[in-house]
**Q** 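To start, I am sharing the structure in question, which I have written as structure tokens.
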Protein chains: 2
Amino acid sequence: MKRGREPINRGTDQTKARILAAAAKLFDAQGFDGTTVRQIAKEADVNLALISYHFQGKRGLLEVLIASYYETFFRLLAAQKAANRGTEPLDELIALVRLYVFFQRDHAAVTRLIQRELSVESMLAREVMTVYIHRWKHSFASIIEDGITRGVFAPLSVDQVLLAMTSLLVYPYLNPQSVREVYYLEPGSDEFCEWLVASVEQLLRSLLKPSPTTSRR
Amino acid sequence: MKRGREPINRGTDQTKARILAAAAKLFDAQGFDGTTVRQIAKEADVNLALISYHFQGKRGLLEVLIASYYETFFRLLAAQKAANRGTEPLDELIALVRLYVFFQRDHAAVTRLIQRELSVESMLAREVMTVYIHRWKHSFASIIEDGITRGVFAPLSVDQVLLAMTSLLVYPYLNPQSVREVYYLEPGSDEFCEWLVASVEQLLRSLLKPSPTTSRR
DNA sequence: GTCTATATGGGGATAGAC
DNA sequence: GTCTATCCCCATATAGAC
């Protein structure tokens, strides 16, 4: 009678996918440092050693999660931008906001993971992140700058507008627990996403409107 | 010739204060799980064993930091509320917003620590936190509810308004690194604080104004 | 590609001397 | 109240069999 189980061969892709899913789930719930590779292996129902074999360790796992997340987003973004050809800047901006809100909703675990770890100075994948974040910012900034050039937006500080917009967009997905338990809203629902898009739209209109007595401090 | 150093007796308060300061700094920069008690002891220039002696271990340290933070804030808040007697709801609200913004600025390390760890489901001090967060929310909510009752605010969803407000208030202090490196703003400066207060005020005015065609979705 | 077994280090905590 | 020395556990990672 044998002691150990038979080796399970699911094929590279299956195994890698299971590990990634487990890692996303656990990093999200417990934080990167709070998660052990043993937990990941168990959650994925995969042998411990396979994590190092496929991803060069825990850190590699994090980097793959982050890179895949942004690559996927930028692919969707490119498609959206193409579809937006010739639209008014504000509508184009709102379309991007909506895309990003639903993207966050659909990738809630990695979203929260990234946004949380980003606030850790000693983060492992900081260099990787910085590049993506700047690209992310630029995809929104370019539209606003374009609108200012064309005179349809007020000549405000683009950075200030973007920071306010980002705060509204990101916070609920960084802290969905609080949103649920304190504000009794469900960040995973379609209604919430639509509300968030509408709120951001209202903020952007209020900040970007070109004409009036907007005495900017 | 002796090997070890002489015991340094700084007195309980001095030692505890040094440990707390070091812990705040390191938890902030590296996260709770990313920080070791050995690092804290070294940063505080204090013997390792004193951390467990004074705070019953790493977890106790976190709890003391959180509790002190909120106790301090609520003390300031009570003073502010007393000073606000008879003010208009909106002005009262703005006064609280200003108080909180500068409080975050002046306690940046613990602010970031709390907001980050709050997004970890398996957080050690979750029960402690939940109580404080609800108290925090209520101090803002009560003013808005009061304003709605008295007809000076539109009868909006208080939770939605508060979530939007909180997003704007908190995000920059959760992620000051990004604010600096991506948006080129300095969250520690007075100008930034004032800008943030003004932005929140604009948002609140835009959301709470009672009369017009505000077709809320 | 998968598994067992193990190497190696670092973690939090404390006993007991001073 | 402080310090040294140490316990004991659990972390990541890999060597080598299958």
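Throughout, protein chains are lettered first and strands after them, A, B, ... in sequence-line order, and every chain is numbered starting at 1.
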**Q** Given atom NZ of K42(A) and atom C1' of dA11(D), what is their separation to the nearest angstrom?
**A**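 In whole Å, dA11(D) C1' lies 16 Å from K42(A) NZ.
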**Q** Can you tell me how far P of dG11(C) sits from CG of L124(B), to the nearest Å?
**A**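 For the pair L124(B) CG and dG11(C) P, the rounded distance is 17 Å.
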**Q** Let me know the distance between NZ of K16(A) and P of dT2(C), rounded to the nearest Å.
**A** 11 Å
**Q** Keeping R59(B) on the side-chain end and L124(B) on the backbone end, is there a donor-acceptor pair under 3.5 Å?
**A**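 A pair under 3.5 Å: yes.
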**Q** Decide if the gap between the ring center of F103(B) and the ring center of F74(B) is smaller than 6.0 angstrom.
**A**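 Centroid separation for F103(B) and F74(B): 6.0 Å or greater.
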**Q** Between dT4(D) atom P and E6(B) atom CD, what is the distance in whole Å?
**A**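 Going from CD in E6(B) over to P in dT4(D) covers 11 Å.
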**Q** Specify the separation, in whole Å, of atom NE2 of H54(B) and atom C1' of dC3(D).
**A** 12 Å
**Q** Does the side chain of S206(B) come under 3.5 Å of the side chain of Q202(A) through a donor N or O and an acceptor N or O?
**A** yes
**Q** State whether T36(B) places a side-chain N or O below 4.0 Å from either non-bridging phosphate oxygen (OP1 or OP2) of dG10(C).
**A** no
**Q** Check the pair Y70(B) / I133(B) against side-chain contact (heavy atoms from CB on, under 4.5 Å), numbers first and verdict last.
**A** CA-CA 9 Å; Y70(B) 278 107; I133(B) 297 279; 3.6 Å; yes
**Q** Please state how far atom CG in D13(A) lies from atom P in dT2(C), giving the value in whole angstrom units.
**A**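 Roughly 10 Å, once rounded to whole Å.
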**Q** Enumerate all atom pairs, one protein N or O and one N or O from nucleotides 13-18 of chain C, separated by less than 3.5 Å.
**A**
{"from": "dA13(C)", "atom 1": "OP2", "to": "K58(B)", "atom 2": "N", "distance (Å)": "3.1"}

**Q** Between I19(A) (CD1) and dA13(D) (P), how many Å, whole number?
**A**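 Answer to the nearest Å: 13 Å.
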**Q** Between Y183(A) and Q160(B), do the side chains contain a donor N or O and an acceptor N or O under 3.5 Å apart?
**A**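 Checked: Q160(B)/Y183(A) side chains show no N/O donor-acceptor pair below 3.5 Å.
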**Q** Mind calculating the distance between CZ (F32(B)) and P (dG11(C)) to the nearest angstrom?
**A** 14 Å
**Q** Listed by chain and number, what are the side chain to side chain donor-acceptor pair (under 3.5 Å) partners of K25(B), not counting sequence neighbours?
**A**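 Checked K25(B) against side chain to side chain donor-acceptor pair (under 3.5 Å); matches are E43(B).
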